Amino acid sequence: MKDLKARIEKLKRDFDKALSGVKDEKSLQEVRNIYLSRKRGAVKLLFEELKALKPEKRAQAGQLVNSLKKHVVAKVSRLKVKLAASKPGVRARKGDLTLPGVRGYWGAPHPVVLFQQKIENIFIAMGFSIEEGPEIETDYYNFEALNFPPHHPARDDWDTLYISDDLLLRTHTSPVQIRAMERRKPPIRIIVPGKVYRRETPDPTHLPMFYQVEGLAVDKGITFADLKGTLEHFLKTLFYEKLKIRFRPSFFPFTEPSAEVDIECLVCKGKNEQCRVCGGSGWKEILGSGMVDPQVLKNVNIDPEQYSGFAFGMGIERTAMFAYQIPDMRYFFENDLRFNRQFSIK
Amino acid sequence: MKISLDWLKDFVDIDLSLSVLINRLDMIGMMVEEWEEKDSDIILDIETYANRPDTLGHLGIAREIAAALGLKMKKQEWPLVELEQKTSELCDVQIRDADLCPRYTGIVVKGVKVGPSPDWLRKRIEAMGLKPINNVVDVSNYVLFSTSHPIHAFDLAKLAGRKVIIRRAKAGEVIRTLEEEDVILTSDMLVIADEERPVAIAGVIGGLKSSVQGTTQDVFIESAYFNPVSVRKTSKKTGISTDASYRFEREADISFPPQAALMAASILTQFGGKVSKGIMDVYPKPKKEKTVILRYQRVFGLLGLEIDEKFTEKTLSHLGFRLEAQRKGVWQVKVPHFRVDVEREADLIEEIARFYGYDKIPVHFPPLRVPEPPLDEKREKIEKTRQLLFNHGFDEVLNFSFADPEREASFQTGREAVEIRNPISQKASILRTTLLGGLLDNLVWNRNRGAEGIHLFEIGNIYFWQKKKTHEQLTLAVVATGPIGPAHWQRKTKEADFFHLKGALESLMSYLRYEPFSFKKTNHIFFEEDSSLALAQKGETIGHFGLLKKGLRDRYSIDGPVWAAELNLEVLFKKKPQSFQYVPVTRFPTVTRDVSFIAGQDVTFQDIKEAVEKLSLPYLASFDIYDLFSGSSIPKGKTSLSLRFEYSHPERTLKAQEVDKLQKKVIDTLKKSFNFLLREGGKIDK
Ligand SMILES: [Zn+2]
């Protein structure tokens, strides 16, 4: 037994000596095999020897052999990690942990979609659902049902791209409101995002196609106060809690009373008369809104004596331009990745 | 609409600082967009609305301000120097179409000395941004901008037979306008004519021949109400839009023609004119004032606010409405003719709210009585698609729906494009029939700005005619070229290739639970021959992907390979995804078996996969290919492929012999079906 113990101690010392000379993984593997090879390794051979011992001695001897095995396994694996860490590349700049890490790479969402989802999420939290509809519309849904009589000059404010006498590219997403009201009974609480079209030549503030989000709530007892409450909450969530907001009378054929919603100029907060963003007024127009015109409700067979509603709409690019101080609306459709990718961290 | 502060003061005494006045105007909906100082006057530019033609003159704006400030309007006097002769002795007015011209008034001013306007008049005309012409023309403009009511002055001597006939034009009649343009008239247009010919296009523009010139002595002043739709149609058809037609098409005040005529006549007497006795007023069917019932309880119902009844009465009276209490809380309201926009109770409630102040209406949140339906599945699928493509390194883009028909033709989609009748340009005159055109434009744009790796996708509609109806088809398209992600000092960057794109589509189909899906070898017009596949789900083709055809790359001047895909999401998303079911995880270990073959190169992975699936081996948990190569160590024309099989049993540990048996079955099948040779430890087993 003493003999075995001494042999094992020597094996450990020999192993440590051999290991100190190891410089790469290949020689490490060789040294390891001397001791741990399944067929001819020292550990294996020792275990073979143990078979000849009497059972009462075998357990004790087994522990001694195992201690050798543990010693070898632990030192080999420790050295293995060390060698791996000093592989070529790393070795060249040993210890420079300031080198860039391996970042994941992923694509970026388009800023308009990002901003649209931001808007959608605020309204979803307020119990709104999302409706969509066709981009190619009939004159009826785009104009007549929304209380634009044929040949009324109000149509001039919605310069239209026509497919035929009756078909056009929708100038707003309001036709989807009409379709929703035709299909559903109140209460209705929807927002309608989507592409809209105008006959405009592209310039920094106009595009022939842009994105809108419109909203509609119809129920018994909906008031102008509800409109104000909903939009104020929306704007304060989208921008910030202390945002100054004003509602000012306006005109849209499909709402009565109608209101334009202004928010304080995010750039000068009304403190610069020469401000290029707000023209010195301190206000920036952000939403059109109003109480649904009784004629519009009648057009979809909702009794305006029983029900009332509010509607609102905003341009997504315009709002994003204001929020981030983007000077030119055309940037959104150039799809320059240096522009688009910036917003993914927003 | 330009509004002079001096001019406003003719109607109402305004004693406010400019900033307070502007704010007051903004808050009653008369938004001041800009203002400037001009000749010691202030000129405001006020935004006006299509339903408020009464605010297209100083009188109307003054009325709004007076109501907002609780001031009285000043009375204006228009004294006349009269002739002995009656108007009817000097001319004859006949309305032949009372639908298009319900009211026509006229008066004659004799002996006017036509010449330059005096300073006060010049200043007013210039304030409106116009050039003074002569005193008679300037007076008509003055009346228009003062009252918003357009009038017209004719040279009486040039009206043949001293007749003023309001009739429809005869088809083909021609008039030379003040702008010296010949206009061919059609029979739906209303004209003012003398005995012989048209002398003006009613409400739109005067004729040259009958216009007031330096030699004119006697002037006939026309002040009328023309049918708004008729004026608009004529203006659109002739392409002539004037300050007059702009107002008539928004509807004039039918009660106002005599006042406007007298005002003009009165000013013309300052230039030596004498006015005929008694205004000629042809008004066969006088229009009654509109009556609207206003219920106090509705005011509250719509605004969510109690407004004092006295305030309601006072404001509406100030604006020219006449209220008669019917019973408690109910008024009958007579609407003045100049308020063409007010027809219903809601219109009156807006007036009350406007002057009460939108800012004083409280803030409230509408109670949610019935929940809204959940988001529809299509939106969820679109969102999953986006997220998955982001993870694969694709950037989202959005492009205009317009396309250039010439470029679009090179894609040969076979889809019948939807044309725009009045496009902004020829290059944007149809709607896109593929998303790839836009994506290739984006690729070129970014490459020209130094980008190397460009991986883009767009989700949006394409448009085409289908069975005589327009169709909007939700589509996904992808383009990819160059390295994926930035270069790194330690890791090698991957390049876009066929399998990069195919992998993204495979992940997408799995992520959307559209398994099983399959690929078919087909040629497609967008792609190089034998370099594309069709993606199909349950036998239906969803789209194609592969190496973009050189011809298309050339069309966009793109060098190097571009991998592209276009999928029909409308068809895909209508399919029912595989229902999700939880599968218990086995508590027993998985057994892995690898096997390598030497295979002929005509065997596809799809063939192998189908052969393995056909065996439906029990306990086979997964099967994949993990290595593939050919080269010097492999016989010519052959490929080495390595397959990995994983087996597991839900209730016990699998025995080695069991797995060996299954594995043998696979190996034998593959050897037999495809003439595979087993390859072990570098040796090939015959
Ligand atoms: Zn500002």
Side-chain angles (χ1 to χ4, degrees), chain A residues 89 99-100 102 105-110 112-113 127-130 134-136 151-154 156-157 161-164 167 187 189 195 199 201 208-209 217 219 221-226 228-230 232-233 246-251 256-257 259 291 293-294 308 333-337 340-341, chain B residues 26-29 49-51 229 232-233 249-250 302-305 344 346-347 349-350 353-354 358-359 361-366 368-370 372-373 375 379 389-391 393-401 418 420-422 424 442 445-446 449 451 455 461 470 472 484-485 488-491:
Chain A
L99 280 166
V102 183
Y105 181 80
W106 61 93
H110 191 278
V112 166
V113 182
F128 284 73
S129 70
I130 298 178
E135 294 169 44
I136 301 173
H151 309 294
H152 195 273
D156 290 351
D157 299 336
L161 289 163
Y162 282 94
I163 307 292
S164 66
L167 286 180
R189 204 184 275 222
K195 284 180 187 177
R199 196 173 186 280
T201 310
M209 184 196 96
D219 198 355
I222 295 267
T223 68
F224 199 102
D226 294 323
K228 280 187 77 175
T230 304
E232 283 202 4
H233 173 78
R246 73 172 189 184
F247 287 73
R248 127 182 100 68
S250 186
F251 164 70
E256 191 78 25
M291 301 303 292
D293 193 284
S308 54
F333 297 97
E334 284 172 351
N335 291 301
D336 190 317
L337 295 177
N340 285 17
R341 290 185 71 90
Chain B
D26 285 354
M27 295 315 281
I28 57 170
Y49 303 111
N51 68 334
V229 172
R232 181 169 167 86
K233 282 182 169 169
E249 68 183 19
R250 282 161 175 71
L302 210 56
L303 300 179
L305 156 85
R344 297 92 33 103
D347 303 326
I349 295 173
E350 176 173 66
R354 210 154 63 85
Y358 281 11
D359 51 338
I361 294 174
V363 169
H364 181 259
F365 193 77
L368 185 62
R369 294 193 302 126
V370 179
E372 282 288 312
L375 294 186
R379 289 187 65 87
L389 291 169
F390 295 149
N391 285 334
F394 292 96
D395 283 298
E396 181 176 40
V397 296
L398 296 176
N399 283 293
F400 288 128
S401 307
V418 176
I420 299 168
R421 208 166 60 180
N422 56 339
I424 47 168
N442 304 148
W445 174 283
N446 282 287
R449 281 155 187 80
H455 310 86
N461 286 334
T470 55
E472 301 173 26
I484 303 151
H488 189 262
W489 60 274
Q490 195 190 35
R491 308 279 167 109

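As the structure is a prediction and not an experimental result, all values here were calculated from the model.
Your options are B:Glu396, B:Lys233, B:Arg354, and the one with the most heavy-atom pairs under 4.5 Å with chain A is B:Glu396. Interface remark: of the candidates B:Ile28, B:Ile349, B:Val229, B:Ile28 forms the most heavy-atom pairs closer than 4.5 Å to chain A. In terms of non-hydrogen atom pairs under 4.5 Å with chain A, the most contact-rich of B:Val418, B:Leu375, B:Asp347 is B:Asp347. Options A:Ile222, A:Val113, A:Asp157 differ in how many heavy-atom pairs under 4.5 Å they form with chain B, and the most are formed by A:Val113. The greatest number of non-hydrogen atom pairs below 4.5 Å with chain A, out of B:Asn391, B:Asn422, B:Asp359, is found for B:Asn422. Across A:Phe128, A:Tyr162, A:Trp106, the residue that shares the most heavy-atom pairs under 4.5 angstrom with chain B is A:Tyr162. In terms of non-hydrogen atom pairs under 4.5 Å with chain B, the most contact-rich of A:Pro249, A:Ala108, A:Gly229 is A:Pro249. Ranked by heavy-atom pairs under 4.5 Å with chain A, the first of B:Val363, B:Leu398, B:Ile484 is B:Leu398. If you tally non-hydrogen atom pairs under 4.5 Å between each of A:Pro153, A:Gly127, A:Pro187 and chain B, the highest count goes to A:Pro153.
Proximity to chain A involves both the backbone and the side chain of B:Val397, based on heavy atoms less than 4.5 angstrom apart. For B:Phe400, the parts lying under 4.5 angstrom from a heavy atom of chain A are both the backbone and the side chain. Looking at A:Arg246, only its side chain comes within 4.5 Å of chain B, counting heavy atoms on both sides. When heavy atoms are compared at a cutoff of 4.5 Å, B:Glu249 approaches chain A by way of both its backbone and its side chain. Neither the backbone nor the side chain of A:Ala217 comes within less than 4.5 Å of any heavy atom in chain B. Looking at A:Thr230, both its backbone and its side chain come within 4.5 Å of chain B, counting heavy atoms on both sides. Only the side chain of A:Asn340 has a heavy atom closer than 4.5 Å to any heavy atom of chain B. For B:Ala451, no part lies under 4.5 angstrom from a heavy atom of chain A. Proximity to chain A (any heavy atom under 4.5 Å) is shown, for B:Arg449, by both the backbone and the side chain. Only the side chain of A:Met291 comes within contact range of chain B, with heavy atoms under 4.5 Å apart. Heavy atoms closer than 4.5 Å to chain B are found nowhere in A:His233, neither backbone nor side chain. Residue A:Glu232 touches chain B through its side chain alone, counting heavy-atom pairs closer than 4.5 Å. Contacts of B:Arg344 with chain A are made by side-chain atoms alone, with heavy-atom separations under 4.5 Å and no backbone atom involved.
The line from NZ of A:Lys228 to CG of B:Leu305 is 9.0 Å long, rounded to the nearest 0.5 Å. The CD1 atom of B:Ile361 sits 11.5 Å away from atom CG of A:Asp226, with the distance rounded to the nearest 0.5 Å. To the nearest 0.5 angstrom, B:Ile420 atom CD1 is 5.5 Å from A:Leu161 atom CG. Between B:Ser401 atom OG and A:Lys195 atom NZ the span is 3.5 Å, to the nearest 0.5 Å. B:Asn442 CG to A:Phe333 CZ: the interatomic distance, rounded to the nearest 0.5 Å, is 11.0 Å. A:Leu99 contributes atom CG, which lies 8.0 Å from atom NE2 of B:His488 (distance to the nearest 0.5 angstrom).
Shown here for A:Ser129 and B:Pro373, the closest heavy-atom pair between the two residues is CB-O, 3.6 Å. A:Pro257 and B:Tyr358 get closest at one heavy-atom pair: CB-OH, 3.5 Å. The nearest pair of heavy atoms linking A:Asp156 to B:Arg232 is OD1-NH2, 2.7 Å. The two residues B:Trp489 and A:Pro100 come nearest to each other via the heavy atoms NE1-O, 2.8 Å.
Partners of B:Arg250 according to the salt bridge (Lys or Arg N to Asp or Glu O under 4.0 Å) rule, which considers only residues two or more places apart in sequence or in another chain, do not exist here. Qualifying side-chain contact (heavy atoms from CB on, under 4.5 Å) partners for A:Ser250, counting only residues two or more places apart in sequence or in other chains: A:Phe252, A:Glu260, B:Tyr49.
Not one N or O on the side chain of B:Arg491 forms a donor-acceptor pair closer than 3.5 Å with the backbone of A:Val102. Judged purely by atom type and a 3.5 angstrom limit, A:Asn335 has no side-chain atom pairing as donor or acceptor with the backbone of B:Asn446. Here the side chain of B:Asp395 pairs no donor or acceptor atom with the backbone of A:Gly107 at under 3.5 angstrom. The main-chain N or O of B:Pro366 is found under 3.5 Å from a side-chain atom of A:Arg189 such that the two form a donor-acceptor pair. In terms of modelled atom types and a separation under 3.5 Å, the side chain of B:Glu472 and the main chain of A:Ile136 share a donor-acceptor contact.
With contacts defined as side-chain heavy-atom distances shorter than 4.5 Å, the pair B:Leu302/A:Phe224 does not qualify.
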